[in-house]
Amino acid sequence: KEMKNLFKINRLKSSIEKLGYHYSVLDYLKSLGIYSLLLSAVALAHKLKWQFAVLLILTVILLLPFIIYAQFSYTYEFQRFNDYCLYLKQMTIQYKTHKKIKSALLQTAEAFKENSSRMHTCILKAIEDIEDGENFETALRHIEDHYCNSYILKLHSYMILGEQIGGDNVYQALNNVDFEDWQSDVIRFQKQKNNVKKTNIYFTLLSVGISLCCLYMFPMDLMRNLFSLTQFQLMTFLYFEMLIIAYTLVTCGLNGKWINRKE
């Protein structure tokens, strides 16, 4: 459903703003202009007729919203992951120090004060609920709803148990929230995906470069007749069409959530 929304500029804008970023129609037109100019230059260098060049630009118009959304989605997930790991680290330290959930939340909120992230908002809502007399399960659900996986649920369950029965054993049990290996695995996996994305960019640029070299390494008198052939025009168009689609599929397909509820 979310991907269908990206076909329209206003819906693309709305989808990006839901992630917490500002995006305007002017920003989209700037991106479209840059992509269209680059594509026009490539089409001109390959002597494509204007009809095929227009079709390539139409393809970019169709696929660009997905590329733009994928870029913002990556930034969002990267920030969300960093906030999540910082929260786990800070809450573990602060709860061991203060032995109270509210005090730990107050101290942890200071670590997020500068970037005004969603995590900071969730922590403040949890503190407000505790001050209003809500139970800890309800208050901490503000954080769990947006950053849910087994580590945060385990941390919260230990802290709530500590508030209820106390004791050093509960505080020592917080050491069982060993998320560092998981954190390293996620970072390693995302680096691998980024390497694939970079390889995809290099492959696209190399493909364009090779095609240009193949066209201009022969005498222009010989190539001029080739440029005018319908078969050449069609094959060149399909070649670039496949490059654009492949670039989009890799860029969008390798995006995903960094924090999985099932982990």
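The shown structure was predicted, so the numbers you read here are calculated from the model rather than taken from an experiment.
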- Please report the C-alpha distance between Asp83 and Arg80 in whole Å, then the side-chain angles of each, then the deciding distance to 0.1 Å, and finally whether the salt bridge (charged side-chain N to carboxylate O under 4.0 Å, His left out) criterion is met. CA-CA 5 Å; Asp83 288 345; Arg80 183 168 171 262; over 6 Å; no

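- Linking ILVMFWY side-chain heavy atoms closer than 4.5 Å, directly or via other members, places Ile57 and Leu29 in a single hydrophobic cluster.
- Cluster membership check: Phe72 does not share its hydrophobic cluster with Val250, using side-chain heavy-atom separations under 4.5 Å among Ile, Leu, Val, Met, Phe, Trp and Tyr.
- Side-chain contact between Thr59 and Leu55 is absent, with no heavy-atom pair separated by less than 4.5 Å.
- Residues Ile152 and Leu140 fail the side-chain proximity criterion, which asks for heavy atoms closer than 4.5 Å.
- Atom OH of Tyr239 has more than 12 heavy atoms from other residues, nucleotides or ligands within 6.0 Å.
- Glu144 and His156 share a side-chain donor-acceptor pair at under 3.5 Å.
- Residues Ile68 and Ser31 come closest through the heavy atom pair CD1-CB, 4.1 Å.
- Note that SG of Cys252 and OH of Tyr247 are 9.0 Å apart. Values are rounded to the nearest 0.5 Å.
- Between Leu12 and Pro65, the closest heavy-atom pair is CD1-O, 3.6 Å.
- The local environment of NZ in Lys96 is crowded, with over 12 non-hydrogen atoms from other residues, nucleotides or ligands closer than 6.0 Å.
- Distance check, rounded to the nearest 0.5 Å: CD of Glu110 to CD1 of Ile123 gives 10.0 Å.
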- For Ile160 and Gln164, run side chain to side chain contact (heavy atoms under 4.5 Å, CB included): C-alpha distance rounded to whole Å, both residues' side-chain angles, the deciding distance at 0.1 Å, then the answer. CA-CA 6 Å; Ile160 292 171; Gln164 293 172 345; 3.6 Å; yes

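- With rounding to the nearest 0.5 angstrom, the CG atom of Leu19 is 7.5 Å from the OG atom of Ser15.
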- Checking side chain to side chain contact (heavy atoms under 4.5 Å, CB included) for the pair Glu131/Lys102: CA distance, chi angles, key distance, verdict? CA-CA 9 Å; Glu131 291 176 343; Lys102 180 183 173 183; 3.4 Å; yes

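- Taking the side chain as every heavy atom from C-beta outward, Leu56 and Val42 never approach each other to under 4.5 Å.
- Gln233 contributes a side-chain N or O that, together with a main-chain N or O of Lys49, makes up a donor-acceptor pair within less than 3.5 Å.
- Between Tyr95 and Glu163 there is a side-chain heavy-atom pair separated by less than 4.5 Å.
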- Residues Leu234, Phe52; criterion side chain to side chain contact (heavy atoms under 4.5 Å, CB included); working and verdict: CA-CA 8 Å; Leu234 182 60; Phe52 289 112; 4.2 Å; yes

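- Within a 6.0 Å radius of OH in Tyr21, more than 12 heavy atoms belonging to other residues, nucleotides or ligands are found.
- Of all the heavy atoms in His142 and Asp129, the pair that sits closest is NE2-OD2, 2.8 Å.
- Using a 4.5 Å heavy-atom cutoff, the side chains of Phe112 and Thr121 are not in contact.
- In this structure, the side chain of Asn255 engages the main chain of Ala70 through a donor-acceptor pair within 3.5 Å.
- Between the OG1 atom of Thr248 and the CZ atom of Phe66 there is a distance of 9.0 Å, given to the nearest 0.5 Å.
- Counting only distance, with no hydrogens or angles, the side chain of Ser73 and the backbone of Tyr69 share no donor-acceptor pair below 3.5 Å.
- Minimum interatomic distance between Ile259 and Cys148 (heavy atoms only, all atoms of both residues): CG2-O, 4.0 Å.
- The closest side-chain heavy-atom distance from Leu155 to Phe179 is not below 4.5 Å.
- In this structure the side chain of Phe240 reaches within 4.5 angstrom of the side chain of Ser211, judged on heavy atoms.
- Of the inter-residue distances, the one linking Leu254 atom CG with Phe189 atom CZ reads 8.0 Å to the nearest 0.5 angstrom.
- Counting heavy-atom neighbours within 6.0 Å of Lys193 NZ, excluding the residue itself, gives a total above 12.
- Heavy-atom contacts from other residues, nucleotides or ligands closer than 6.0 Å to NZ of Lys100 number 12 or fewer.
- Taking hydrophobic clusters as Ile, Leu, Val, Met, Phe, Trp and Tyr residues chained together by side-chain heavy-atom distances below 4.5 Å, Val60 shares a cluster with Ile201.
- Under the 4.5 Å side-chain criterion, counting only non-hydrogen atoms from C-beta, Tyr87 is in contact with Leu105.
- Leu238 and Phe203 fall within a single hydrophobic cluster, where Ile, Leu, Val, Met, Phe, Trp and Tyr are joined by side-chain heavy atoms under 4.5 Å apart, directly or via other members.
- Glu77 places a side-chain N or O within 3.5 Å of a backbone atom of Trp258 that can act as its donor or acceptor partner.
- With values rounded to the nearest 0.5 angstrom, Arg141 atom CZ is found 10.5 Å from Leu153 atom CG.
- With ring centers used as reference points, Phe81 lies under 6.0 Å from Trp182.
- One N or O on the side chain of Tyr147 and one on the backbone of Met119 form a donor-acceptor pair closer than 3.5 Å.
- Here the side chain of Asp27 pairs a donor or acceptor atom with the backbone of Ser24 at under 3.5 angstrom.
- Connection of Ile245 to Val54 is established within a shared hydrophobic cluster, with ILVMFWY side chains joined at heavy-atom distances below 4.5 Å, either directly or through further cluster members.
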